[in-house]
There are 2 protein chains.
Amino acid sequence: MELTILGCYSATPRTFNNPTAQVLEIKNHLFLIDCGEGTQVQLRRRKIKFSRIKHIFISHLHGDHFFGLVGLISTFGLLDRKNELHIHGPKGIKEIITLQLKLSNSWTGYPLYFHELDQKIPQLILEDETVTVETIPLKHRVYANGFYFKEKEGDRKLLINEVQQYEIDVAYYRSIKKGKDAVLEDGTTIPNHKLTEPAEPTKSYAFCSDTVYLPEIAEQIKGVSTLYHESTFLEQHKHLCDKTKHSTAKQAALIAKAANAKQLVLGHYSTRYGNIEVFKEEAQTVFDNVILAEDGKVITIN
Amino acid sequence: MELTILGCYSATPRTFNNPTAQVLEIKNHLFLIDCGEGTQVQLRRRKIKFSRIKHIFISHLHGDHFFGLVGLISTFGLLDRKNELHIHGPKGIKEIITLQLKLSNSWTGYPLYFHELDQKIPQLILEDETVTVETIPLKHRVYANGFYFKEKEGDRKLLINEVQQYEIDVAYYRSIKKGKDAVLEDGTTIPNHKLTEPAEPTKSYAFCSDTVYLPEIAEQIKGVSTLYHESTFLEQHKHLCDKTKHSTAKQAALIAKAANAKQLVLGHYSTRYGNIEVFKEEAQTVFDNVILAEDGKVITIN
C-alpha cells in the first residue's frame with residue numbers, strides 16, 4: 001500500500017507547489033484522490049499509468065481540489081481510453097464536467113460514471129473483494145468529505161506442515177484458507193485453527209482535507225494505519241482556521257492520537273510559512289510519527 | 001509590442017509542453033490570449049504581473065485553450081484583486097465559469113465581465129484611445145474566433161525647428177500634432193505638412209488558432225505585422241487536418257504570404273513530430289520570415 005503525493009499545497013498552484021492530488025495504490029487499485037489544476041502533468045511526471053486509474057475521489061468543490069479534473073477526463077478521451085472511469089464527488093460535479101464536455105462538443109469515448117455525494121454521515125461508496133471505501137464527513141466552507149480506504153481481511157494462512165500431516169487434498173486448501181474446518185476421509189473434523197494462522201493484518205488509509213478540527217473523525221477511523229490530515233496553519237494562526245474552516249498541525253496530531261493512528265501525514269500547507277518543518281515540529285508535540293507530505297514524495301503504508 | 005508564448009502545443013498539457021496561452025503587450029495593455037490548463041503557473045514563471053491583465057480573449061471552448069481560465073479567475077480572487085477583468089469568448093463561457101464559482105461558493109471580490117461572442121463575421125470587440133481588437137472568424141470543430149490587435153495611428157511628429165522658426169506658441173503643439181494647420185498672429189496659415197512628419201507606422205498582431213485553412217483570413221488582416229497561425233500538422237498529414245479541422249505549416253504560410261504579413265509565428269504543434277523545426281522548413285517553402293513559437297519565447301513585433 002503506497003501513497004504518492006502529486007500536490008499538497010493549499011489555495012493556488014505555483015511554480016514549485018502543486019495543489020492537492022494524490023494517488024493511493026491499494027490491492028492492485030490505483031485511486032486518485034483530489035485533482036487540483038495540473039494533476040495530469042504531475043501524473044505524467046511520476047510516470048503513473050493513466051489507464052490504471054478507474055476511480056477518482058473528489059473531497060470538495062474548491063478549485064485547488066478539482067480544477068484539474070475536467071482536463072484529466074478530456075485527456076483520457078484524447079488518448080482513446082476505453083475502460084470505464086468513476087468519479088465520486090459532491091453533488092454538482094456532474095453538471096460542471098458535462099457542461100464543459102457539451103460546450104466543447106467533445107464527449108468521452110469511454111464510459112464515465114458520476115457518483116454524487118450529499119450525505120452528512122459516513123457512507124460506504126465502494127466495495128469489491130479486496131477493499132472498501134467510506135466517506136468521512138468533514139466540515140469546511142462547502143460540503144466536503146474525506147475518504148477512508150480499507151483493505152479487506154485476506155485469507156488465513158495455511159500451516160502447510162499441519163495440512164500435509166493430515167494428508168488433506170489440495171482441493172480443500174481454498175475453503176480452509178477461508179476459515180472452514182477440514183473433514184478427513186474417516187469423518188474426523190480438524191478445526192480450522194489447527195490448520196491456519198490469522199491473515200496478514202489489514203492496512204488502511206484515511207484522507208481528511210479540508211476541514212476544521214473535528215474530533216469525531218477519530219472515532220470513525222480508529223486504528224487507521226496512515227492518516228493524512230490537512231494542516232493549513234499553525235496554532236499561532238488558529239484564528240485563521242476559525243475564519244477559513246481549516247485545521248492546525250497540532251489539531252491534525254490530536255486526531256491522529258485519538259484515532260491511535262500508526263502514522264500521520266501532514267499537508268495542505270498555507271504558503272505563508274517559508275519552511276514546512278514547522279508543521280512537523282508543532283504536530284510532534286502531540287503525536288510522534290509524523291511525515292510531511294511533499295510534492296512527489298512516495299509514502300509506504302504499513 | 002511584444003508577444004510572450006506561455007504555451008503553444010495542441011491537445012494535452014505535458015511535462016514540458018504547455019497548451020495554448022500567450023500574452024501580448026501592446027501600448028501599455030497586457031492581453032492574455034487563450035488560457036490552457038496551467039497558464040497561471042506559466043504566468044508566474046515568466047514573472048508577468050497578474051494585476052496588469054484586464055482583458056482575456058478565448059478563441060474557442062476546447063480544453064487546451066481555456067481549462068486554465070477558471071483557476072486563473074479564482075486565483076485573482078484569492079490574491080484580493082480589485083480591478084475589473086473582462087473575458088471575451090464564445091457563448092457559454094459565462095455559464096461554465098459562474099457555475100463553478102457558484103458551486104464552490106467563492107465569488108470574485110472584483111468586477112468580472114463576460115463579453116460573449118456568437119457572430120460569424122468580424123466584430124470590433126474592444127477599442128480605446130490606443131488600440132482596437134477585432135474578431136477573426138475561424139472554422140473549427142466548434143465555434144471559434146481569432147483576434148486581430150491593432151495599434152491606432154499615433155500623433156504626427158513635430159518638426160521642432162520649423163515650429164520654432166514660425167514662433168508658434170507651445171499651446172498649439174497638441175493640435176498641430178493631431179494634423180491641424182497653424183495660424184500665425186498676422187493671420188498667415190502654415191499648412192500642417194510643413195510643421196510635422198507622419199506618425200510612426202502602426203503595428204498589429206493577428207492570432208489565428210484553431211482553424212482549417214481559410215483564405216479569407218488574409219483579406220481581413222492585410223499588411224499585419226505579425227501573424228500567429230496554427231500549424232498542427234505537416235502536409236504529409238493533410239488528411240488529419242480535414243478530419244480534425246486544423247491547418248498545415250504550409251497553409252499557415254500561404255495565409256501569411258497572401259496577407260503580406262511581415263512575420264509568421266507558427267504554433268499549436270501536434271506532438272507526433274519529434275522536432276518542431278520541420279514546421280519551419282515546410283512553411284519556408286512559401287514564406288520566408290517564420291518564427292517557431294516555443295514555451296517561454298518572447299517575440300518582438302515590429
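Quick note on labels: first sequence line is chain A, next is B, and so on, each numbered from 1. Values below: all heavy atoms of this structure, side chains included; hydrogens, waters and symmetry mates excluded. Nothing here was measured: the structure is a model prediction, and the numbers come from that model.
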B:Arg141 portion near chain A, given a 4.5 angstrom heavy-atom threshold: backbone
Option that, when pairs with chain A are counted at under 4.5 Å, heavy atom only, ranks first among B:Val70, B:Leu101, B:Leu79, B:Asn105: B:Val70
Straight-line distance of B:Arg44 CZ to A:Arg14 CZ, nearest 0.5 Å: 4.0 Å
Largest heavy-atom contact set with chain A, pairs under 4.5 Å, which of B:Gly68, B:Pro90, B:Pro13, B:Gly71: B:Pro13
Value rounded to 0.5 Å, distance of CD1 in B:Ile96 from NZ in A:Lys102: 9.5 Å
Which portion of B:Leu78 sits near chain A, non-hydrogen atoms under 4.5 angstrom: side chain
Atom pair NE2 (B:His60) and CG (A:Leu103), whose distance is rounded to the nearest 0.5 Å: 13.0 Å
Which portion of B:Ser74 sits near chain A, non-hydrogen atoms under 4.5 angstrom: side chain
Minimum side-chain heavy-atom gap A:Leu99-B:Glu95 below 4.5 Å: yes
Distance, nearest 0.5 Å, that separates CG of B:Leu61 from OG of A:Ser106: 9.5 Å
Side-chain touch B:Phe67/A:Gln100, heavy atoms, less than 4.5 angstrom: yes
Side chain, backbone, both or neither of B:Val142 within contact of chain A (heavy atoms, under 4.5 Å): side chain
Option that, when pairs with chain B are counted at under 4.5 Å, heavy atom only, ranks first among A:Gln42, A:Gln40, A:Glu37, A:Lys91: A:Glu37
Region of B:Phe16 in contact with chain A, defined by heavy-atom distances below 4.5 Å: neither
Heavy-atom neighbours of B:Lys297 NZ exceed 12 at 6.0 Å: yes
A:Tyr143 portion near chain B, given a 4.5 angstrom heavy-atom threshold: neither
